[in-house]
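One structure is given below, represented as structure tokens, and several questions about it will come after.
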2 protein chains.
Amino acid sequence: MKRITIYDVAKEADVSLATVSRVINGSEVVREDTRIKVQEAIEKLGYKPNAIAQGLALSKTTTIGLIVPEASYFYTGQIINGLIDVAKIYKYNIMLHTTTEGITEMNDIIENIIKSRVDGVVIFNDKLNKEELNQLTRYQVPIVVIGNRMSDETVGSVYVDYAKLAFDYACDCIKQGKKQIALIEDRKNPAMIKQLREGLTRAFEENGMTFENYIEIPKEYRSSYLFLKEYLTKENRPEVVITYRDSQAMAVMNTAKEAGISIPEEMELVCILDSKYNAMARPQISGFKIPDYDLGAVAMRLLTKMLHEENEVSDKEIELSYIFTPRKSTK
Amino acid sequence: MKRITIYDVAKEADVSLATVSRVINGSEVVREDTRIKVQEAIEKLGYKPNAIAQGLALSKTTTIGLIVPEASYFYTGQIINGLIDVAKIYKYNIMLHTTTEGITEMNDIIENIIKSRVDGVVIFNDKLNKEELNQLTRYQVPIVVIGNRMSDETVGSVYVDYAKLAFDYACDCIKQGKKQIALIEDRKNPAMIKQLREGLTRAFEENGMTFENYIEIPKEYRSSYLFLKEYLTKENRPEVVITYRDSQAMAVMNTAKEAGISIPEEMELVCILDSKYNAMARPQISGFKIPDYDLGAVAMRLLTKMLHEENEVSDKEIELSYIFTPRKSTK
DNA sequence: CTGAAAGCGCTAACAA
DNA sequence: TTGTTAGCGCTTTCAG
């Protein structure tokens, strides 16, 4: 079965291919009866325009590239969902790329993206560095970065200010007299953790103290749980523990229970990236609602704006806010 | 900055564009010194072949379409990961499409897929029915379905036999004298649940009984937890509860605890789709390790096979197996 | 309002 | 071994 083309439709409707093209693209200048004639031919033959050929002719693909970390957390999924939902509205397709931890295949991905001539790129990834970003901008591909604040001529960003989050929360704690605050490392998300640490450090400094309770999980431990099991004791426990991910919060909760530390009475626990699992733990774990879905949606919206608007988009750094959800693991 | 094309390279290297094309595609018949000359020109100009133009010329895109449900569970993420990992090996790109619950936008997606002329499609989705599948095969797009056993000329599938899983497990239980087995509904995955139900039903029948403990969550309840809270009591409790998802297992665990039912002594609990969260619960929840990553990887491998092989691929229905992981919620 | 024809960038016979 | 040229399917001036 030969794939049917615009020529077939033209022949069937007894018009030129230019006319067919016009009705496909909803051009105004086609007489009603010829339009109908063409539409009938399209219907009859089951013709579908070839997006590849259109892409070639127009030098645009109406697809955008999306780069996300391979680690498939719920969070990433939500970002993708948000992204896709608004991409659908604007008829954009998504070309999905993932980066494996550790391996420097970023260049392959960039190469790929350039070759596939996507109209724009959204990047949610710690691993892309400035230089690689430059490589992309050199090919004038508009880019929106999720998670890091940055922008230039062809780069925009959507992010949450984790430093501020940590700063504000720590200040609150300190005001209430809770000064033993610990932050647990998460190697998977160095950039976020760095921001949190900055916020905590600044909060302590502004209160005339120094933050020094950054708990690193030694590499030889296969999980946070195994380390915390030895680390946390009734005697050696912070007043407030902050984790980035729900799984770490659960690890803290489990080890605390085993060590006979009661939460929240003897130790409070808060998870930055809130999830439904936090609500399923007992006691339920307090967390910050980070607007994951919106990060994706807003990023895509920004990108389309950059793609469509002639003159440069004015506001290319968009900060999204979070909401603290107190549950049972904090007083 | 004009995008540089094969013509620019040809001019720079002082050869014809055909020669440039040959070195790009690694044709054997190019003299070494001209090859080098061309390669230098490519390097100098920073030329990247336009995949769109290649696609048009070759009538193939080296991209495949992937349709997944929007609900972003860890499970889906793993499937995508597996898919992408092998897609990378074979240099295929991924066009990602998601289906929103309820809305019949499946036709839009199919339309889109056909227009974009992907070489093949992988579908992990309950919602695609036979008719829509036919629509795709009519356009001779090779398809691999994840989750449902089926195949025909251009369709293959990779799946786990949930019916067998449920059957075997139920038989074991019955053999041990545990006859009060309950299965909890999961509206999000009707197809899987249907299979599980079939397996249970058959197991009971073959043992001269009937399975009637299918717990439906009434629509007016916003979560399984809220319903189970009323439903489960010390008096009214099955001996074994089977859930599909970790979140439902956690809901059972929490409500059981609140009702004073001890797990596993008074009631056993097993989750079909195992996850790391099951291991974080206390007591840890037993589950079946479903090969999520492999489902994606094998599906992609099968698709490439269908794409490359001249003669029809012989074995287009691939069953993957699961492993029971006993933990603390079962005896 | 419609048609003819020149690209869009690349591949693949076919010649040379 | 290399160059010439005819498509691949569609859009878009430019004429008519």
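Residue numbers begin at 1 in each chain, while the letters A, B, ... track the order of the sequences. Predicted model, so just to flag it, every value in this text is computed and none were measured.
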Donor-acceptor pair, side chain of A:K88 and main chain of B:T98, under 3.5 angstrom: yes
For atom CZ of B:R31 and atom P of D:dT1, their distance in whole Å: 8 Å
A:T19 vs C:dT2: side-chain N/O to OP1/OP2 distance below 4.0 Å: no
Sugar-phosphate, base or nothing in reach of A:S21, heavy atoms under 4.0 Å: base
Nearest-Å distance for atom pair CD1/P, residues B:I24 and C:dA12: 11 Å
Donor-acceptor pair present, B:Y7 side chain and C:dC8 base, under 3.5 Å: no
Length of the line joining A:D14:CG and C:dG3:P, which is rounded to integer Å: 8 Å
B:I6 CD1 to C:dG7 P, straight-line distance once rounded to whole Å: 18 Å
B:D119 (side chain) donor-acceptor with B:I64 (main chain) under 3.5 angstrom: no
Side-chain N,O (A:S16) to OP1/OP2 (C:dG3) below 4.0 Å: yes
Flag, side chain of B:D8 to backbone of B:T5, donor-acceptor distance under 3.5 Å: yes
B:Y139 backbone acceptor or donor facing A:R3 side chain under 3.5 Å: yes
Nearest-Å distance for atom pair CD1/P, residues A:I42 and D:dG9: 16 Å
Protein-nucleotide distance (B:N25, atom CG; C:dA12, atom P), rounded to Å: 7 Å
From C:dC8, D:dG3, C:dT2, nucleotide with atom closest to A:S59 side chain: C:dC8
5' priority, DNA chain C, between B:K48 and B:R22 [closest heavy atom]: B:K48
Under 3.5 Å: donor-acceptor pair, side chain of A:T61, backbone of A:R117: yes
Spacing of A:K60 atom NZ relative to D:dC10 atom P, expressed in whole Å: 16 Å
Residue A:L17, side-chain heavy atoms: nucleotide from C:dT11, D:dG9, D:dT11 that is nearest: D:dT11
Touch class at under 4.0 angstrom, heavy-atom based, for A:V15 against every strand present: sugar-phosphate
Shortest side-chain distance from A:N50, nucleotide among D:dT12, D:dT2, D:dG9: D:dG9
Separation of C:dA12 C1' from B:Q54 CD (nearest whole Å): 13 Å
Closest to side chain of B:T34, choosing from D:dT2, C:dC10, C:dT2: D:dT2
